[in-house]
Amino acid sequence: MNRIFRTFSAALALVGALALGSATAAQQAGHGLEALDPAGAVTIQEARPALWKVADADTTIYLFGTIHLLPPGIEWYSGPVAQAFEASDVLVTEIPELTAGETQEVVVRRAILPKGKSLRSGMRKKELAKFDTALMGFNLPLNAFDTYKPWYAAVILSTLPLQQRGFDLANGVEAQLAARNKARGAPRIGLETLDYQLGLFDGLSPRVQKEYLLSVVDALPTIDTEVGKIVSAWSAGDAEGLAGLMNADQEDPAMMQALLTNRNKAWAQWLKARLDAPGRVFVAVGAGHLGGKDSVQDYLARGGVVSQRVQ
């Protein structure tokens with residue numbers, strides 16, 4: 001399951017990136033999916049997720065770990081987080097804001113199989129039966145993902161149980177920060193490009209992509225419960241516990257290096273360089289990058305930059 005946590009957390013990041021660009025990717029793949037209607041009023045839960053800062057004489061950079069899909073009712077925008085965001089000059093996210101056309105161009109180039117190939121044709125009989133059962137469980141046609149590469153099918157499929165249970169990209173931290181940032185007219189920049197992020201998965205071998213898809217299928221019955229643990233740890237500000245859930249038991253060192261550690265190292269270098277320019281910066285990236293060994297703060301410390309926990 002920890003392998004699923006790692007790849008699933010990356011999948012959430014990609015779905016968040018796609019949705020923040022065009023708000024269509026997950027919706028299109030899940031078209032026709034009936035969401036469960038929660039009974040009664042939404043329970044409000046006060047959350048205090050972790051926040052750090054790095055600073056010198058004329059620069060302050062806040063580091064905030066995000067969750068890309070959240071259920072309704074989690075109130076996290078208050079206290080030091082709200083104060084830090086509202087005092088900042090610029091919002092930095094994993095990717096910049098994109099138009100729908102820009103997002104679609106990258107998805108078509110990275111996620112669509114070559115002409116004449118199909119997702120289902122690459123599966124053995126038992127694998128296909130397992131995959132078909134999962135699709136039928138969501139009332140999706142069996143050919144719903146036929147034109148897509150396995151990694152993209154895995155990314156979208158892994159979010160469907162959460163959507164059924166009320167998790168929504170609109171409740172996600174990035175979506176809320178992006179809306180607030182646009183309303184205040186502040187600039188927003190990205191640490192990476194969407195093409196780079198999708199390329200991390202697209203660069204996996206066909207065998208690894210298929211294994212990833214089938215492992216997601218195996219995890220579907222319990223994904224909502226396990227992700228609930230991630231949300232609880234994030235809400236409590238338990239950065240180390242969250243990192244343990246999302247990044248433990250590194251069964252695939254090459255994948256971990258590509259999806260996590262290489263990016264953390266690059267982001268730490270960017271942050272250290274950004275200290276040379278004055279101003280206040282609010283950096284919001286996936287929470288799994290800000291806890292545990294080889295976190296962004298870990299790489300900053302190795303470069304002589306101290307991070308201070310402020311919530």
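As the structure is a computational prediction, the values presented were derived from the model and not from experiment.
The CG atom of L290 sits 7.5 Å away from atom CG of N264, with the distance rounded to the nearest 0.5 Å. Interatomic distance, CG of L177 versus CZ of R180, reported as 8.0 Å (0.5 Å rounding). Considering OG of S295 and CH2 of W52, their distance stands at 8.0 Å, rounded to 0.5 Å. Once rounded to the nearest 0.5 Å, the distance linking OH of Y152 with CZ of F145 reads 8.5 Å. In this structure, the separation between CD on E97 and CG on N181 is 9.0 Å, given to the nearest 0.5 Å. Summarising the geometry, atom OG1 belonging to T147 is positioned 9.0 Å from atom CG belonging to L119; distances are rounded to the nearest 0.5 Å.
Judged by distance alone, with hydrogens and angles left aside, the side-chain atoms of Q45 form no donor-acceptor pair with the main-chain N or O of G73 at under 3.5 Å. Between the side chain of Q311 and the backbone N or O of P49 there is at least one donor-acceptor pair closer than 3.5 Å. Side chain of K272 to main chain of G303: a donor-acceptor pair is present (N/O by atom type, distance under 3.5 Å, no hydrogens or angles). In terms of modelled atom types and a separation under 3.5 Å, the side chain of S88 and the main chain of V90 share no donor-acceptor contact. When atom types are taken as modelled, the side chain of D89 and the backbone of R280 share a donor-acceptor pair closer than 3.5 angstrom. Using modelled atom types, no side-chain atom of E127 and backbone atom of L214 make a donor-acceptor pair closer than 3.5 Å.
Between I112 and Y148, some side-chain heavy-atom pair lies under the 4.5 Å cut-off. Side chains of F138 and L220 form a contact here, defined as non-hydrogen atoms less than 4.5 Å apart. The shortest side-chain heavy-atom distance between R309 and Q297 does not fall under the 4.5 Å cut-off. Annotation: side chain of D224 is not in contact with side chain of Q164 (no heavy-atom distance under 4.5 Å). No side-chain heavy atom of L98 sits less than 4.5 Å from a side-chain heavy atom of V106. Between I74 and W234, some side-chain heavy-atom pair lies under the 4.5 Å cut-off.
With sequence neighbours excluded, the residues that form a side-chain contact (heavy atoms from CB on, under 4.5 Å) with L275 are V54, D56, T59, I61, V305. Residues passing the side-chain contact (heavy atoms from CB on, under 4.5 Å) test with N262, sequence neighbours excluded: Q257. A search for side-chain contact (heavy atoms from CB on, under 4.5 Å) contacts involving D168 returns A170, N171, not counting sequence neighbours.
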Name each donor-acceptor pair under 3.5 Å that joins a side chain in residues 75-87 to protein atoms two or more places apart or in another chain, with its distance.
| unit_1 | atom_1 | unit_2 | atom_2 | d |
| --- | --- | --- | --- | --- |
| Y77 | OH | E86 | OE2 | 2.8 |

Are V283 and R274 close enough, and set up right, to give a side-chain contact (heavy atoms from CB on, under 4.5 Å), and what steps lead you there? CA-CA 11 Å; V283 178; R274 182 60 182 80; over 6 Å; no
If you apply the rule side-chain hydrogen bond (donor to acceptor under 3.5 Å, both in side chains), what do you find for T225 with T222, and how did you get there? CA-CA 5 Å; T225 300; T222 58; over 6 Å; no
Run L300 and W267 through side-chain contact (heavy atoms from CB on, under 4.5 Å) and show every step you take. CA-CA 9 Å; L300 281 171; W267 295 353; over 6 Å; no
What's the verdict on side-chain contact (heavy atoms from CB on, under 4.5 Å) for Y299 and Q269, showing C-alpha distance, side-chain angles and the deciding distance? CA-CA 8 Å; Y299 281 112; Q269 291 171 344; over 6 Å; no
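Applying the salt bridge (Lys or Arg N to Asp or Glu O under 4.0 Å) rule to pairs touching residues 191-207 yields R109-D195, R110-D195, R110-D202, K149-D202, E192-R263, R207-E211, sequence neighbours excluded. The ring-ring contact (aromatic ring centres under 6.0 Å, His included) pairs that include a residue from residues 153-197 number zero, where partners must be two or more places apart or lie in different chains.
With a 6.0 Å radius and a threshold of 12 heavy atoms from other residues, nucleotides or ligands, R48 has its CZ atom at or below the threshold.
Across all their heavy atoms, L169 and A175 have their closest contact at O-CB, 3.2 Å.
Electrostatic pairing of R302 and D294 counts as a salt bridge here, judged by a charged N lying under 4.0 Å from a carboxylate O. For the pair K229 and E226, the salt-bridge criterion is met [side-chain N within less than 4.0 Å of a carboxylate O].
Note on ring orientation: taking the six-membered ring where Trp is involved, the planes of W151 and F201 are perpendicular (angle over 60°, cut-offs 30° and 60°).
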